[in-house]
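Computation of the quantities below employed the complete heavy-atom set of this structure, encompassing side-chain atoms and omitting hydrogens, waters and symmetry-equivalent molecules. In what follows, chains carry the letters A, B, and so on, assigned in the order in which the sequence lines appear, proteins first and then strands, with residues in each chain numbered from 1.
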There are 2 protein chains.
Amino acid sequence: MSNYNRNNIPRVKHWYDERVTNVFDDPRITAVGLLFEAHAGLSARFNAQLEEHGLSAVEFEVITRLARSPGNQLRMTDLAAQTSLSTSGVTRVVDRMERDGLLTRRACPNDRRSSYAVVTGSGMQRLNETLPGHLQMIEQWFTGQLDPEALAALLDGLRRVRDAAHPCATAGSDDVSPEQVAATDNANRRH
Amino acid sequence: MSNYNRNNIPRVKHWYDERVTNVFDDPRITAVGLLFEAHAGLSARFNAQLEEHGLSAVEFEVITRLARSPGNQLRMTDLAAQTSLSTSGVTRVVDRMERDGLLTRRACPNDRRSSYAVVTGSGMQRLNETLPGHLQMIEQWFTGQLDPEALAALLDGLRRVRDAAHPCATAGSDDVSPEQVAATDNANRRH
DNA sequence: CGGTTATAGTTGCTCAAGCAGTCGTTGGGC
DNA sequence: GCCCAACGACTGCTTGAGCAACTATAACCG
């Protein structure tokens, strides 16, 4: 593969055609394709269901992360670290969701720079309306597609890939120091 | 879960806190989390490497799909069906990549509505520069993380999930009729 | 043929998201 | 106590993507 594009080609097309089709049958390419297509497929199914409840995927993730956190709240920065959003992205999602009455901002008592995003009652209600159907979608399109041990094997593999590739993002939880999270998070984000 | 938000709560917080942490420990949520985080992690790693070669993920997918197609070309619509892009999205990616010299448009001889996107020599060169590193990234962060049978189990599971959830997108290939592709593709796309 | 319908691609508009820059706040070093 | 670096959140600007509307071509059908 190092002498790939060595000589500059009158008959480019033939030469590339051969090499290229070979390369794209590479099992590594196939593997990534499977993972990405599975993800894309599930995303599409989930989005459709979330949309019925007036939520985008990002909004659902935000409200979920908040709801599972102590006090149903999280500092903006921590929320950014847990989601795949930048801090400015979080500012704007929270803007929209606050406008829609799903969240509120609350001042942080001991640090006047920070503010919390808190799920409102209306937000909780929306989440409760959305969740059962969401779980059903997961069952239908993902976990229900495999028998228990195949699923376990799949999840085991995914966990190992995740642990290797995914910069851990659990800011606001107690098991990770903020600096650590910030570092890994920045490493993840593009330039 | 049906009597979830039954009584409108003075002690909302406690009640939700309990239910909610339970719900979010649901193995189905965890499973999706693993898949999505694995995907996000790999995407981030791949994007970093692609960026070194001046390609976005979408551009890489486009040029890859074209390069693996007969004649290194595909009609705009078929390209849209194969990628996760709308036709207008494809128009614009191809615009940019044509401006950058990676692709050209070529008129379709037998249908004057259609046009092909064709990879240029320069585009092929760019792809060839990018691919080895990309394969290496896959190896490093994904396939190399697992021993062969664990990987096989993972891929097998992914394949089943993909087949269930992913609207098959192989337009321009010979094994699928265009109408079929269009139908599944539209089903996939949000509203 | 002529007209209607469907298809391929492009374009205007909108919106979501990131980066870089800003402002106020905090905390550490002296 | 004072200063300066670091931090948290927000805002201006740009970019990328989708939808809907439009044009040109093709296909179908009477």
(request) May I ask you to verify if any side-chain N or O of A:Arg113 is less than 4.0 angstrom from the OP1 or OP2 atom of C:dG27? (result) no
(request) Please tell me which of the listed nucleotides, D:dG8, C:dG9, D:dC10, lies nearest to the side chain of A:Thr91? (result) D:dC10
(request) Provide, to the nearest angstrom, the distance between the CG atom belonging to B:Asp111 and the P atom belonging to D:dC28. (result) 12 Å
(request) Taking only Lys NZ, Arg NE, NH1 and NH2, and the carboxylate oxygens of Asp or Glu, determine whether B:Arg160 and B:Asp163 approach each other closer than 4.0 Å. (result) no
(request) Classify the ring geometry between B:His134 and B:Phe60 as parallel (under 30°), tilted (30 to 60°) or perpendicular (over 60°). (result) tilted
(message) Are B:Phe24 and B:Phe36 connected into the same hydrophobic cluster when the rule is that any two of I, L, V, M, F, W, Y join if their side-chain heavy atoms are below 4.5 Å apart?
(response) yes
(request) Using distance alone, with no hydrogens and no angle criterion, decide if A:Arg75 and A:Ser114 have a side-chain donor and acceptor under 3.5 Å apart. (result) yes
(request) Classify the side chain of B:Arg112 and the base of D:dT25 as holding, or not holding, a donor-acceptor pair under 3.5 Å. (result) no
(request) Measure the distance from CG on B:Leu74 to P on C:dA8 and round it to the nearest whole Å. (result) 13 Å
(message) Under 4.0 Å, counting only non-hydrogen atoms across every strand here, what does A:Asp95 touch: a base, just sugar-phosphate, or nothing?
(response) nothing
(request) Establish whether A:Leu158 and B:Phe142 are linked, either directly or via other cluster members, by ILVMFWY side-chain heavy-atom contacts under 4.5 Å. (result) yes
(request) Mind checking side-chain contact (heavy atoms from CB on, under 4.5 Å) for A:Asp100 and listing every partner two or more places apart, or none if nothing turns up? (result) A:Leu102
Close N/O contacts between protein and nucleotides 13-17 of chain C (under 3.5 Å):
| residue | atom | partner | partner atom | Å |
| --- | --- | --- | --- | --- |
| C:dA17 | OP2 | A:Arg96 | NH2 | 2.7 |

(request) State which of C:dT25, C:dT10, C:dA8 makes the closest approach to the side chain of B:Met76. (result) C:dT10
(request) Round to a whole Å and report the spacing from CG of B:Asn110 to P of C:dT7. (result) 17 Å
